[in-house]
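What follows is a short report on a single structure.
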Amino acid sequence: MSARRHTLRAAALATAVVALAAGCSSANSNHNKSGGSATGILNIGKPDGPQTNNSNPFLNTSAGATLGYRWMIYEPLAMVRQIKPAEKADPWLATDWKWDLNFTKVTFTLDPRAEWADGKPLTAEDVAFTFNLLKKHPALNADGIAWGGVEVKGKQVVLTFDDSQYVNQNKIIQQYIVPKHIWEKVKNPETWPNRTPVGSGPYKLKTFTPQTTTLTATPTYWKGSTKVKELRYSTYNDNNAATTALASGKLEWSFVFMPDYKKLFIAKDPKNHKLWFPSGLGIHGLWFNTTRKPFDNPALRKAMAMVVDRNAIYTQAEATLYPEITNPTGIPLPAGESFISPDYKNATTKPDVEGAKKVLDEAGFTLSGGVLKDPSGKPVKLTFTDPAGWNDYITGLSIIKDNIKKIGIDAKVKTQTADAWGADVANGNFDATLHWTNSGATPYDMYQNIMDGALLQPIGKPSQSGNFGRFKSTEATEALKDFAQSTTDTARTQAMNTLQKIMVEQAPMIPTAAAPVGAEYSTKNWVGWPTEADPYADPQHTQRSSLAIVLKLKPAK
């Protein structure tokens with residue numbers, strides 16, 4: 001699992017987080033209490049605890065990444081939206097980019113107006129330097145791209161690859177660029193804290209403390225002036241503190257899980273307190289350890305998937321904040337609607353207990369006296385595990401436990417520390433666990449994370465990249481390879497349809513909720529936020545397109 005994913009889970013999903021450090025009562029004492037458009041200040045924050053002064057944009061554990069302010073300093077070649085993955089990205093540092101038919105070559109044409117905050121022009125040499133930096137230093141290459149040739153041709157940069165980059169195209173075109181004249185002097189960019197960051201974006205770092213980081217607008221930003229003159233990123237020690245700050249108006253933009261957001265947040269200022277939690281193409285779900293009997297039997301996994309009540313998980317465990325999974329393929333809607341196989345266009349996730357019993361009976365399982373026995377005659381039992389304090393996951397497990405009891409399966413729930421759980425998941429030491437998946441421009445990233453044989457590790461050897469359930473399917477692995485390397489839409493569609501059939505029929509994991517890219521925000525001082533009616537950007541402030549949001553905000557009248 002990536003550091004970023006782990007941070008998102010810990011921050012956004014844990015609903016009962018213990019204070020991480022002493023002195024939390026003064027964690028946000030520097031907040032401008034009036035804030036807002038009157039002073040040109042926008043207050044942003046989330047519950048991540050005290051931060052270390054590190055603005056290295058390549059490190060997903062840096063304060064710049066955790067709080068999200070790296071996107072205000074460093075800009076991408078093109079602006080991609082997770083919530084609209086099928087739509088063309090918006091030009092940014094690059095005015096144009098062209099892929100060859102096999103997606104093994106892309107040519108970027110740069111915007112001649114772009115310049116660094118120190119006044120130096122942003123050139124093709126800076127872009128080439130950035131890609132070569134990723135190529136030379138694997139620790140900075142968070143997306144795991146197999147970089148190939150990098151060539152400068154005037155104001156253009158040409159990248160070439162050994163294999164098709166169809167599934168990585170959005171990751172490549174949204175790469176943020178760093179200045180060569182600064183980074184070429186850095187001896188070890190993998191550990192450099194970059195405490196005085198210089199980017200091409202509209203903001204520069206003004207002050208840093210473990211609790212509050214302040215950015216100020218760059219007067220000479222190459223795209224023009226900004227209405228928001230100062231960004232204050234504050235970090236809270238737990239969800240309750242962040243929720244209180246949101247409710248009082250001290251915090252104007254955040255993402256924090258609230259079990260009763262209508263009472264805790266919306267009701268405090270119904271006119272101005274808003275939230276929007278759309279999904280991309282990542283999900284949360286119940287992963288099975290497919291090496292353990294009887295969970296190596298796809299019929300058992302499919303039957304369990306057929307009885308899980310996703311609507312109950314949506315309303316009770318996720319408090320309606322995390323979008324409901326309504327299609328058995330696991331592909332979130334509407335983001336992934338164009339990818340759904342014709343076989344599953346009208347399929348639903350409505351629980352089907354009788355249908356599940358029939359699947360089990362045909363596979364040699366027997367249900368007698370309320371107890372399900374596997375084909376060898378042993379009662380089916382399992383243990384669910386997840387970290388203590390991740391209350392939405394624990395509630396979800398409780399719901400699933402009750403659901404599968406209807407087909408005679410006895411389950412218990414065990415909680416662990418987050419570190420112990422993470423190690424057990426990586427090593428394959430579990431029966432079943434709720435966990436998230438990767439997300440991308442297509443469902444490929446989600447499916448690859450769940451069932452790619454290329455990621456398969458033996459039990460006991462950590463799997464850091466995915467396939468935690470040790471799902472072994474030559475058909476799935478080949479379909480993933482075909483989707484990634486095919487040169488026609490027809491072949492890719494066929495491969496995607498195959499992956500969906502495997503997901504439904506063999507259930508390597510049970511999708512339980514879509515992974516949102518959500519946010520809470522206030523319109524009291526600033527307006528222009530993305531909404532369901534105007535989905536121009538991912539609403540979460542830790543995403544790249546948060547830059548597009550800040551540039552569109554204007555003072556409320």
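If you're wondering where the values come from, they're calculated on a predicted model, not measured in any experiment.
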Under 4.5 Å between any side-chain heavy atoms of Asn311 and Lys350, yes or no?
no

Suppose we call two aromatic rings close when their centres sit under 6.0 Å apart. Are Tyr176 and Phe58 close by that rule?
yes

Is it true that atom NZ of Lys461 has more than 12 heavy atoms of other residues, nucleotides or ligands lying nearer than 6.0 Å?
no

Is it true that Gln543 and Ser545 share a donor-acceptor pair across their side chains at a distance under 3.5 Å?
no

State, without any angle test, whether Asn170 and Arg81 hold a side-chain donor-acceptor pair at a distance under 3.5 Å.
no

Which pairs with one or both residues in residues 255-266 pass side chain to side chain donor-acceptor pair (under 3.5 Å), sequence neighbours excluded?
Tyr261-Thr320

Answer yes or no: is there a side-chain heavy-atom contact under 4.5 Å between Trp253 and Leu246?
no

Side chains of Ser55 and Tyr69: donor-acceptor distance under 3.5 Å anywhere?
yes

Run the side-chain donor-acceptor check on residues 444-451: report pairs under 3.5 Å with partners two or more places apart or on a different chain.
unit_1, atom_1, unit_2, atom_2, d
Asp445, OD2, Lys171, NZ, 2.9
Tyr447, OH, Thr329, O, 2.8
Gln448, NE2, Asp452, OD2, 3.2
Asn449, OD1, Asn438, N, 3.2
Asn449, ND2, Ser465, O, 3.0

For Asp392, is there any backbone N or O sitting under 3.5 Å from a side-chain donor or acceptor partner on Thr395?
no

What heavy-atom pair brings Pro535 and Glu532 nearest, and what distance separates the two atoms?
CD-O, 3.7 Å

Asn497 vs Pro342 side-chain heavy atoms within contact, under 4.5 Å
yes

When you compare the side chain of Val425 with that of His435, does any pair of heavy atoms fall below 4.5 Å?
yes

Roughly how far apart are Asp361 CG and Leu367 CG, rounded to 0.5 Å?
9.5 Å

Lys293/Asp296 ion pair, N-O < 4.0 Å
yes

Return yes if a side-chain donor-acceptor contact under 3.5 Å exists between Asn289 and Thr291, otherwise no.
yes

Short question: side chain of Thr244, backbone of Asn240 - any donor-acceptor pair under 3.5 Å?
yes

Ionic contact status for Glu520 with Lys274, cut-off 4.0 Å:
no

Output yes when a side-chain donor or acceptor of Asp238 lies under 3.5 Å from a complementary backbone atom of Ala241, and no otherwise.
yes

Can you tell me how far the CE atom of Met503 sits from the OG atom of Ser341, to the nearest 0.5 Å?
14.0 Å

Checking Glu354 side chain against Asp352 main chain: does a donor-acceptor pair fall under 3.5 Å?
no

If we ignore angles and hydrogens, is there a donor and acceptor under 3.5 Å between the side chains of Ser234 and Thr212?
yes

Between Trp390 and Trp421, how do the two ring planes meet: parallel, tilted or perpendicular, split at 30° and 60°?
perpendicular

Assess the side chains of His284 and Tyr393: does a donor N or O sit below 3.5 Å from an acceptor N or O?
yes

Under a 3.5 Å distance rule, please check whether Asp309 uses its side chain to pair with a backbone N or O of Ile313 as donor and acceptor.
no

Relative to each other, are the rings of His273 and Phe265 parallel, tilted or perpendicular (30° and 60° limits)?
parallel

Taking all non-hydrogen atoms of both residues, which atom of Val307 and which atom of Ala356 are closest, and how far apart?
CG1-CB, 3.6 Å

As a quick check of understanding, evaluate salt bridge (Lys or Arg N to Asp or Glu O under 4.0 Å) for Lys501 and Asp343, giving each step before the final call.
CA-CA 8 Å; Lys501 182 175 176 61; Asp343 291 345; 6.0 Å; no

For Asp386 and Thr433, what are the C-alpha separation, side-chain angles and deciding distance, and is it a side-chain hydrogen bond (donor to acceptor under 3.5 Å, both in side chains)?
CA-CA 6 Å; Asp386 268 301; Thr433 182; 3.2 Å; yes

Say whether, by atom type as modelled, one donor and one acceptor occur between the side chain of Arg470 and the main chain of Gln457 under 3.5 angstrom.
yes

Assess whether side-chain contact (heavy atoms from CB on, under 4.5 Å) is satisfied between Phe384 and Lys412, documenting all intermediate values.
CA-CA 6 Å; Phe384 294 140; Lys412 61 181 180 180; over 6 Å; no

Determine whether a donor-acceptor pair (N or O, by modelled atom type, separation under 3.5 Å) exists between the side chain of Arg301 and the backbone of Phe295.
yes

First locate atom OH of Tyr344, then atom CD1 of Ile331, and finally report the distance between them rounded to the nearest 0.5 Å.
10.5 Å

Are there more than 12 heavy atoms of other residues, nucleotides or ligands under 6.0 Å from atom NZ of Lys302?
yes

May I ask you to check whether over 12 heavy atoms, not counting those of Gln416, lie within 6.0 Å of atom CD?
yes

